[in-house]
2 protein chains.
Amino acid sequence: MSVDPAKRTAERPLQEPDAQAEAFAVVRQAHQMETTEDYVELIDDLITSQGEARLVEVAERLGISQPSAGKTVARLQREGYVTSEPYRSIFLTEKGKKLADASRERHDVVYQFLLKIGVSDTTAKIDSEGLEHHVSEETLDAFRRIINAR
Amino acid sequence: MSVDPAKRTAERPLQEPDAQAEAFAVVRQAHQMETTEDYVELIDDLITSQGEARLVEVAERLGISQPSAGKTVARLQREGYVTSEPYRSIFLTEKGKKLADASRERHDVVYQFLLKIGVSDTTAKIDSEGLEHHVSEETLDAFRRIINAR
DNA sequence: GTATAAACTAAGCCATGGCTAAATTTAAGA
DNA sequence: TCTTAAATTTAGCCATGGCTTAGTTTATAC
């Protein structure tokens with residue numbers, strides 16, 4: 001599968017600069033949404049399964065400090081994804097709920113896909129967390145086809 | 001494929017907090033390496049195909065300003081991935097070359113895999129750029145199996 | 001050989017998202 | 001009720017990686 005370094009130039013010529021720049025721009029943009037998606041997805045999961053989303057739990061599950069989580073939640077509030085009053089739990093806005101649902105859908109497809117192609121459950125959980133933000137609709141469709149196959 | 005929201009709780013219970021935190025930690029760590037990998041991979045490609053890697057070209061292909069690219073190249077130098085003297089072109093150290101080769105290998109596998117499952121070339125190029133940093137060895141092996149199948 | 005353009009560096013701005021330490025508020029228990 | 005513990009916020013630190021504007025160096029072309 002590996003590409004012979006000596007043949008690399010011929011087999012994998014440089015892309016057009018703009019096309020390449022565009023690909024990196026897409027990644028950077030996805031990047032900006034990653035944190036937002038992870039938070040709303042997690043907050044939604046917490047509300048569903050525990051009745052409410054407390055900052056302390058969000059922080060614990062993200063594996064970061066409470067102040068760090070709080071800072072990002074403040075940004076999410078500024079941007080209209082969540083609401084919360086001081087010292088109270090966190091709620092999703094319509095916008096936040098929509099994003100959470102879409103993210104979870106994507107996350108689930110990636111997770112199921114990984115399982116389908118023989119990846120272990122543990123790895124599927126870890127990898128899907130990272131991959132979900134970088135999968136286009138077209139690729140997602142390809143994943144769905146494979147999940148549904150046979 | 002989509003999961004009925006009403007059944008979500010039962011079908012997709014919360015993970016253990018530590019396991020979930022660990023997955024996010026993996027993503028954050030991958031994140032830290034992303035920029036580094038993109039740069040060394042690009043620098044290696046430029047050296048191979050054009051004889052040298054100039055900052056102006058790196059910046060253009062990443063779609064960012066020259067000073068921004070310069071700042072990151074300075075970090076890469078600090079961390080031992082590249083060398084370069086003022087106003088001169090950029091070279092990879094052993095460490096940088098190794099990382100570039102590994103990154104390209106991974107990148108290629110993801111790209112070939114996407115093509116194999118029916119994703120268009122354009123999308124495969126874009127998505128592989130984002131996905132390559134979040135694919136574990138185990139998943140990569142699954143991808144390789146599929147590329148080699150039939 | 002010198003003028004000019006291109007490449008690069010320097011300085012300083014910004015937002016994000018980590019952190020710790022300390023203050024505040026809320027909730028719980030005695 | 002009152003004390004205390006837990007949750008949250010505030011303040012301030014740091015690195016990364018974007019940006020612009022302005023200065024410096026190098027290379028080109030005349």
Side-chain angles (χ1 to χ4, degrees), chain A residues 17 21-43 46 50-91 129-130 133, chain B residues 17 21-43 46 50-91 129-130 133:
Chain A
E22 169 61 16
F24 283 117
V26 167
V27 175
R28 279 195 302 275
Q29 225 178 322
H31 234 125
Q32 281 204 319
M33 281 307 287
E34 272 188 45
T35 307
T36 301
E37 293 179 355
D38 286 341
Y39 273 71
V40 296
E41 205 180 329
L42 175 55
I43 289 166
L46 288 172
Q50 326 208 315
E52 65 174 352
R54 301 298 316 207
L55 188 60
V56 63
E57 185 94 359
V58 171
E60 186 191 0
R61 287 179 174 273
L62 289 171
I64 62 179
S65 73
Q66 232 164 287
S68 296
K71 198 191 277 193
T72 296
V73 168
R75 171 174 71 75
L76 297 188
Q77 183 152 24
R78 247 184 6 251
E79 295 174 357
Y81 293 101
V82 307
T83 59
S84 111
E85 283 158 60
Y87 298 97
R88 292 270 128 66
S89 67
I90 305 158
F91 300 91
E129 196 61 70
H133 308 287
Chain B
E22 169 60 16
F24 284 116
V26 168
V27 175
R28 279 196 302 276
Q29 225 178 322
H31 233 122
Q32 282 204 319
M33 280 308 286
E34 273 189 44
T35 306
T36 301
E37 293 180 354
D38 286 341
Y39 273 70
V40 295
E41 205 181 328
L42 175 54
I43 288 166
L46 288 172
Q50 326 208 315
E52 65 174 351
R54 301 299 315 207
L55 188 60
V56 63
E57 185 93 359
V58 171
E60 186 191 0
R61 287 180 174 274
L62 291 171
I64 63 179
S65 73
Q66 230 164 289
S68 296
K71 200 191 277 193
T72 296
V73 168
R75 171 175 70 74
L76 297 187
Q77 183 151 26
R78 245 183 9 249
E79 295 174 357
Y81 294 101
V82 308
T83 59
S84 110
E85 281 158 61
Y87 298 97
R88 292 270 128 68
S89 66
I90 306 156
F91 301 91
E129 196 61 70
H133 308 287

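Naming convention: chains lettered A, B, ... in sequence-line order (proteins, then strands); numbering from 1 in each chain. Predicted model, so just to flag it, every value in this text is computed and none were measured.
Side-chain contact check for B/R75 versus B/T36: some heavy-atom pair is nearer than 4.5 Å. Using a 4.5 Å heavy-atom cutoff, the side chains of B/H133 and A/V27 are not in contact.
The nearest whole Å value for the distance from the CD atom in B/E85 to the P atom in C/dC8 is 14 Å. A/Q66 has its CD atom 15 Å from the P atom of C/dT26, to the nearest Å. The nearest whole Å value for the distance from the NZ atom in A/K71 to the P atom in C/dG18 is 10 Å. Spacing between atom CZ of A/R88 and atom C1' of C/dT26 amounts to 8 Å, rounded to whole angstrom units.
Along DNA chain D, the nucleotide nearest to A/L55 and the one nearest to A/R28 differ in position, and the one closer to the 5' end is contacted by A/L55. Along DNA chain C, the nucleotide nearest A/T35 and the nucleotide nearest B/Y87 are compared for position; the residue whose nucleotide lies closer to the 5' end is B/Y87. Both B/E57 and A/L62 lie near DNA chain C, and the one whose nearest nucleotide falls closer to the 5' end is B/E57.
Which of C/dG12, C/dC8, C/dA21 sits closest to the side chain of A/P67 comes down to C/dA21. In this structure, of C/dC8, C/dG18, C/dT20, it is C/dC8 that holds the atom nearest to the side chain of B/V56. Here the side chain of A/Y39 is nearest to one of C/dG18, C/dT26, C/dA11, namely C/dG18.
Annotation for B/E52: atom CD counts as buried by contact number, over 12 foreign heavy atoms lying within 6.0 Å. Summarising the local packing, CD of A/Q29 is surrounded by 12 or fewer heavy atoms from other residues, nucleotides or ligands at distances under 6.0 Å.
Bracketed by its first and final contacts, the part of DNA chain D lying under 4.0 Å from non-hydrogen atoms of chain A reaches from D/dA7 to D/dG18 in 5' to 3' order.
Distance CD/A/E129 to CD/A/E41: 6.5 Å, rounded to 0.5 Å. Taking CG of B/L62 as the start and CD of B/E57 as the end, the distance is 10.5 Å to the nearest 0.5 Å. Between the OH atom of B/Y81 and the CD1 atom of B/I90 there is a distance of 16.0 Å, given to the nearest 0.5 Å.
Among the atoms of the strands shown, only primed sugar atoms or phosphate atoms (P, OP1, OP2) are found under 4.0 Å from some heavy atom of B/P86.
Between B/R54 and C/dC8, a side-chain N or O to OP1/OP2 separation shorter than 4.0 Å is present.
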